Amino acid sequence: MAQVGIVMGSDSDMPIMKKAADVLEELGISFEMRIISAHREPDEFFSYAKSAEEKGFKVIIAGAGMAAHLPGMCAAIFPMPVIGIPMHTTSLGGRDSLYSIVQMPSGIPVATVAINGGANAGLLAAKILATSDPELLAKVKDYAKNLKEAVMEKDARLQDVGYKSMITRIFTSK
C-alpha cells in the first residue's frame, strides 16, 4: 500500500516529480504516481483526492504550474498533509505557481517547497512520515549525514586541487 501520492498535472512536470520519487525510493517509502489535470479532468481529480485516504496515503505531493490549483484542491479534499511543488513556467518563471500554492485560504494549508523543489518535497514527506516511524527517522538522519559528507568531500577536493581546477572541472563536465 502506497504511503505517499505523487500527482502532477502534466507529463512535462515529470523531471521535477521524479526527484521526489527518487528520494522516497531511496528511503524505502512506497508511493503511487499519477498524471491528473484538475482542470481538464475534474471528475478524475475529485475521485483521486477523495480516495487518497482510503488508499492509505499519509501525504500527497502535488506539482503544478501556472494557476497551480492541483495542490490546493488536494488540500481542500484530502485531510492529511499536502506538499505543493510550484513548477517553473516560461511566462513568469514559476512565481505564478508559487503564489498560487502559497496563498491558500485559512483552513486549507499546503506545505510549499521551492520552485522545482522535487527533492525537498520528497524529503519533507519522509520527515512527516518519520514522526511516527523510528526506522524511517533513522534513514532520514542517515540521508542528512550523507549530504554533509558529500559537501565535506567537495571541500576536501577544493582544498586539494584549488579553485581554478575545481571551476574547470565543474563547468567542463556539464
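Here the structure is a predicted model, which is why all the values come from computation and not from measurement.
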Worksheet item: Looking at Ala119 and Lys19, what are the two nearest heavy atoms and their distance?
Response: N-CB, 3.6 Å
Worksheet, complete the sentence: Closest non-hydrogen atoms of Ala121 and Ile83, given as atom of the first, atom of the second and distance, are O-CD1, 3.6 Å
Practice prompt. Return yes if some donor-acceptor pair links the side-chain N/O of Thr89 with the main-chain N/O of Gly65 below 3.5 Å, else return no.
Written response: no
Discussion item. Keeping Ser97 on the side-chain end and Ala68 on the backbone end, is there a donor-acceptor pair under 3.5 Å?
Written reply: no
Practice prompt. Output the distance between atom NZ (Lys50) and atom CD1 (Ile77), rounded to the nearest 0.5 Å.
Written response: 6.5 Å
Worksheet item: Rounded to the nearest 0.5 Å, how far does CE of Met1 lie from CD of Glu54?
Response: 10.0 Å
Worksheet item: Does the side chain of Val7 come within less than 4.5 Å of Phe45's, by heavy atoms?
Response: no
Item to complete: Report the C-alpha separation of Glu25 and Lys18 in whole Å, then their side-chain angles, then the decisive distance to 0.1 Å, and conclude whether the salt bridge (charged side-chain N to carboxylate O under 4.0 Å, His left out) test is met.
Response: CA-CA 10 Å; Glu25 207 165 66; Lys18 176 192 178 305; over 6 Å; no
What pairs of donor and acceptor atoms, side-chain ones from residues 144-166 against any protein atom, are under 3.5 angstrom apart with sequence neighbours left out?
{"unit_1": "Asn146", "atom_1": "ND2", "unit_2": "Asp142", "atom_2": "O", "d": "3.3"}
{"unit_1": "Asp155", "atom_1": "OD1", "unit_2": "Gln159", "atom_2": "NE2", "d": "3.1"}

Fill in: Any donor-acceptor pair under 3.5 Å from Ser47 side chain to Asp43 backbone
no
Fill in: Gap between atom SG of Cys74 and atom CD1 of Ile36 - 0.5 Å precision
8.0 Å
Worksheet entry | Closest non-hydrogen atom pair between Ile108 and Gly72, with its separation | CG2-O, 3.8 Å
Discussion item. Are Met73 and Val113 linked, directly or through intermediate hydrophobic residues, by side-chain heavy-atom contacts shorter than 4.5 Å (ILVMFWY only)?
Written reply: no
Worksheet item: What is the minimum heavy-atom distance between Leu24 and Ala125, and which atoms define it?
Response: CD2-CB, 4.2 Å
Discussion item. Run Ser30 and Val4 through side chain to side chain contact (heavy atoms under 4.5 Å, CB included) and show every step you take.
Written reply: CA-CA 7 Å; Ser30 59; Val4 178; over 6 Å; no
Practice prompt. Report yes if the side chains of Met17 and Ile61 come closer than 4.5 Å at any heavy-atom pair, otherwise no.
Written response: yes
Practice prompt. For the pair Asn116 and Met87, evaluate side chain to side chain contact (heavy atoms under 4.5 Å, CB included) and give the outcome as yes or no after the intermediate values.
Written response: CA-CA 5 Å; Asn116 287 354; Met87 295 294 165; 3.9 Å; yes
Worksheet item: Thr90: what forms a side-chain contact (heavy atoms from CB on, under 4.5 Å) with it, not counting sequence neighbours?
Response: none
Discussion item. Test of understanding: with salt bridge (charged side-chain N to carboxylate O under 4.0 Å, His left out), list the residues that count as partners of Arg95, not counting sequence neighbours.
Written reply: none
Worksheet entry | Leu137 side chain reached by Thr131 side chain, heavy atoms, under 4.5 Å | no
Discussion item. Return the OG to CG distance between Ser91 and Asp96, rounded to the nearest 0.5 Å.
Written reply: 5.0 Å
Item to complete: List in chain and number order the residues that pass salt bridge (charged side-chain N to carboxylate O under 4.0 Å, His left out) with Lys139, two or more places apart in sequence or in another chain; answer none if no residue qualifies.
Response: none
Worksheet, complete the sentence: Rounding to 0.5 Å, atoms CG (Leu123) and CD1 (Ile128) come to a distance of 10.0 Å
Practice prompt. For the pair Ser37 (side chain) and Gly9 (backbone), establish whether a donor and an acceptor sit closer than 3.5 Å, ignoring hydrogens and angles.
Written response: no
Worksheet entry | Connected via hydrophobic side-chain network under 4.5 Å: Leu129 and Met33 | yes
Item to complete: Apply side-chain contact (heavy atoms from CB on, under 4.5 Å) to Thr112 and list each qualifying residue two or more places apart in sequence or on a separate chain.
Response: Pro86, Leu98, Ile101, Val102, Val110
Item to complete: Any chance you could lay out the side chain to side chain contact (heavy atoms under 4.5 Å, CB included) test for Val59 and Met80, step after step, and finish with the verdict?
Response: CA-CA 6 Å; Val59 180; Met80 289 184 252; over 6 Å; no
Item to complete: Write down the atom of Ala52, the atom of Ile60, and the distance for their closest heavy-atom approach.
Response: CB-CD1, 3.9 Å
Practice prompt. Might you confirm whether atom NZ of Lys141 has over 12 heavy atoms from other residues, nucleotides or ligands at distances under 6.0 Å?
Written response: no
Worksheet entry | Value rounded to 0.5 Å, distance of CZ in Phe78 from OH in Tyr48 | 8.0 Å
Item to complete: Consider only side-chain heavy atoms of I, L, V, M, F, W and Y, link residues closer than 4.5 Å, and tell whether Met14 and Val23 are in one cluster.
Response: yes
Worksheet entry | Any residue meeting ring-ring contact (aromatic ring centres under 6.0 Å, His included) with His39, in chain and number order, not counting sequence neighbours | His69
Worksheet item: Looking only at heavy atoms, which two atoms of Lys127 and Val140 are closest? And how far apart?
Response: CG-CG1, 3.9 Å
Discussion item. Do Phe31 and Phe57 sit in one hydrophobic cluster, given that two such residues count as connected whenever their side-chain heavy atoms are within less than 4.5 Å of each other, even indirectly?
Written reply: no
Worksheet item: Does a sphere of radius 6.0 Å around CE in Met66 hold more than 12 heavy atoms from other residues, nucleotides or ligands, not counting ones at 6.0 Å or beyond?
Response: no
Fill in: Verify same cluster id: Ile6, Leu124 (apolar side-chain graph, 4.5 Å)
yes
Item to complete: Could you please spell out the steps behind the side chain to side chain contact (heavy atoms under 4.5 Å, CB included) verdict for Glu26 and Tyr143?
Response: CA-CA 9 Å; Glu26 182 176 339; Tyr143 185 92; 3.6 Å; yes
